[in-house]
Each structure stands twice: as C-alpha cells, then as structure tokens.
Amino acid sequence: MSLIRGRKRNSLVIEPLVNIEELEKEIVLEAEMPGLTKDDIALELKDNTLTIKGKGKDAEDMTAKGYTLIHRERCPLEYQRSFVLSEDIDKNKIYAEYINGILKVRLVKSEDAQPKKIDVS
Amino acid sequence: MALIPWRPREMWWDPFRDLERIQNEINRLFDASLLDLRDRDVGLLEGVWTPAVDIYDSKDNIVVKADLPGMNKEEIDVSVHKNTLIIKGEKKREKEIKEKDFIRTERYYGSFNRVIPLSSEVQVDKVNATYKNGVLEITLPKKEEAKPKQLKIEVK
C-alpha cells in the first residue's frame, strides 16, 4: 500500500492524518476526520486508488443560528486523501465505520495474500 | 494568560521542522518581554500538540469548538477561570502498539493543553460542554452586563 503524496498548499482541504496498521488478514486505516456525520463521508475506489472524502457544515449551521466566526483554525471542515492499494487487497471487501471523529477503513487481503497453514501429514 | 500559539499541522516528518521550531522559539524569546515568558507553559523542545479550535460569538453566547478525534469524554478536562477557558486532557492509544505492524503513524497522542482568553465575562455556572463526533463544543453564556446594550435615547 502506498500513499499519494503532495500536500495541497493554499488549499482549504485538509489531508486527514492517518495511522495504517497491517494485520495478518487485513490492513486497517484510521483517519482523523472530526466534526462530520456518517452521511458527510464518501469513499471512492477507482482502479487501485481509494479516496476518502468528507465535508462538514459547521460554519453554515452556526451562522444560521446567529453566530459569527471570530477565530478560525478548523473550518471549513473539508477532508480528502487518496491511497494506492496494493494488488493483494480484495476490492470487494472494504469496510468503513465512523466513530468519534475517526474514519476506520478495513481492507481485507485477498485469500491468496493471506498466510496459509499447511499441515504436515 | 497567553494564548498558546497554534501551529498548522505537518503531514510529513521533516527533520528541518524541529530546527525551524527551535529557531522560532529563540526568536520569540528575544521578542517577548519577561512578563510574557512567565506565563508560558510550553517547554522549548517539548513536542506538544494543541487541538485546532474555532470560536464563534453571538449576542448571548460564545461557542468554542475543538477538534479532538478519537477520545473518550472522560479524558477531556474543561475549566473556566475568570475570562479564560482552559481545555486539557490526554489522548491515549486505544491498544498496545506493536511497532512492526504499523505502516504509518501520523496521529498525535499524549497530553494537550489549550488556553483561550474570552472576549467577555461568562456565567461560569452555566457553561455547557458536549463531545460528539470527535468535536468538543463548549457553550459559554455571557454575563448580562457583558451583553451589548441598546439604549434608546429619546430625541427632544
């Protein structure tokens, strides 16, 4: 698994920080994307590239309630990052969940790539 | 009390970043007066992380939102002291880490501390904090006397 590099300078889109862990049967990717709801997140798989995207609407909601943003470090909540998946990931077995601002993506390795135990007869 | 400078987060580890940070700190040392230094609670070489915050203001309330992904609400400590809001806590790893399994670790762990001066006095007993979707939202109602007043003056 490799990452598409390049930080978007002068852009307000945040590349979320990730932890990637390789387990025996799967690769687990955890991305920090606080302030969204499940529906704000989209995962796209094109060829071998997995893109995670999310866009929140904190500022709009608050402005509607009569608030003015006086100090800004996190808005607009827009996240995007892409990853190139290695061949041994089963494209049909990608699972994602969003808990406490963390998007957790489980990428299951294909049967061939998983270690096999061979019994000695 | 001073606002801890917020640093935009770095995506890729860069050895020059630390050098640059030391240089910045030294520059700050010369720029700052001794009074400012007394209030500093960040060490020169300490790699602390500070959550990014947004501050909203309205007629009645001040709302502070802080990005604290992947925490438990028990790990977050919010306090108000006069005109200052203090958010601190410690982000712990969910499980024991086995270094060999990790391909990348970019997320920050450890303790954090953020001191935010408030523009007006607030009703300390009515401050409300919630933690949802990795965001800590603190609503601070302003004191009656701090609210902007509209005085109607009769024209004679």
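Just so it is clear: chains get the letters A, B, ... in the order the sequence lines come, proteins before strands, and each one is counted from 1. The analysis underlying the following values was restricted to heavy atoms, covering all of them including side chains, and did not include hydrogens, waters or symmetry mates. Keep in mind that this is a model prediction, so the values were computed, not measured.
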Quiz item: After noting the C-alpha distance and the side-chain angles of E73(A) and R114(B), does the key distance pass the salt bridge (charged side-chain N to carboxylate O under 4.0 Å, His left out) rule?
Solution: CA-CA 13 Å; E73(A) 290 167 4; R114(B) 189 85 207 244; 2.9 Å; yes
Practice problem: List the steps, then state whether salt bridge (charged side-chain N to carboxylate O under 4.0 Å, His left out) holds for R72(A) with D54(B). | Solution: CA-CA 5 Å; R72(A) 181 172 102 171; D54(B) 279 350; over 6 Å; no
Practice problem: Starting from the C-alpha separation in whole Å, work towards a yes-or-no answer on side-chain hydrogen bond (donor to acceptor under 3.5 Å, both in side chains) for Y67(A) and N61(B). | Solution: CA-CA 9 Å; Y67(A) 284 97; N61(B) 300 313; 3.1 Å; yes
Self-check item: From CA spacing to verdict: side-chain contact (heavy atoms from CB on, under 4.5 Å), I70(A), Y56(B)
Solution: CA-CA 6 Å; I70(A) 55 168; Y56(B) 292 91; over 6 Å; no
Practice problem: Could you go through the salt bridge (charged side-chain N to carboxylate O under 4.0 Å, His left out) check for E32(A) and K91(B) one step at a time? | Solution: CA-CA 13 Å; E32(A) 290 191 344; K91(B) 185 153 119 186; 2.9 Å; yes
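Contact of A31(A) with chain B is not made at all, since no heavy-atom distance falls under 4.5 Å. Looking at K132(B), neither its backbone nor its side chain comes within 4.5 Å of chain A, counting heavy atoms on both sides.
Contact of the I103(B) side chain with the E21(A) side chain is not registered, since no non-hydrogen atoms from C-beta on lie closer than 4.5 Å. Side-chain contact between R107(B) and V18(A) is absent, with no heavy atoms from C-beta onward closer than 4.5 Å. You'll find the side chain of V63(B) reaches within 4.5 Å of the side chain of M62(A), heavy atoms only. Looking only at side-chain heavy atoms (C-beta outward), L36(A) and N133(B) stay at 4.5 Å or farther from each other.
Pairing each heavy atom of P34(A) with each of G134(B), the nearest pair is CB-O, 3.5 Å.
Between R81(A) and E106(B) there is a salt bridge, with a side-chain nitrogen of the basic residue lying less than 4.0 Å from a carboxylate oxygen of the acidic one.
Using modelled atom types and a 3.5 Å distance limit, the side chains of N19(A) and Y109(B) yield a donor-acceptor pair.
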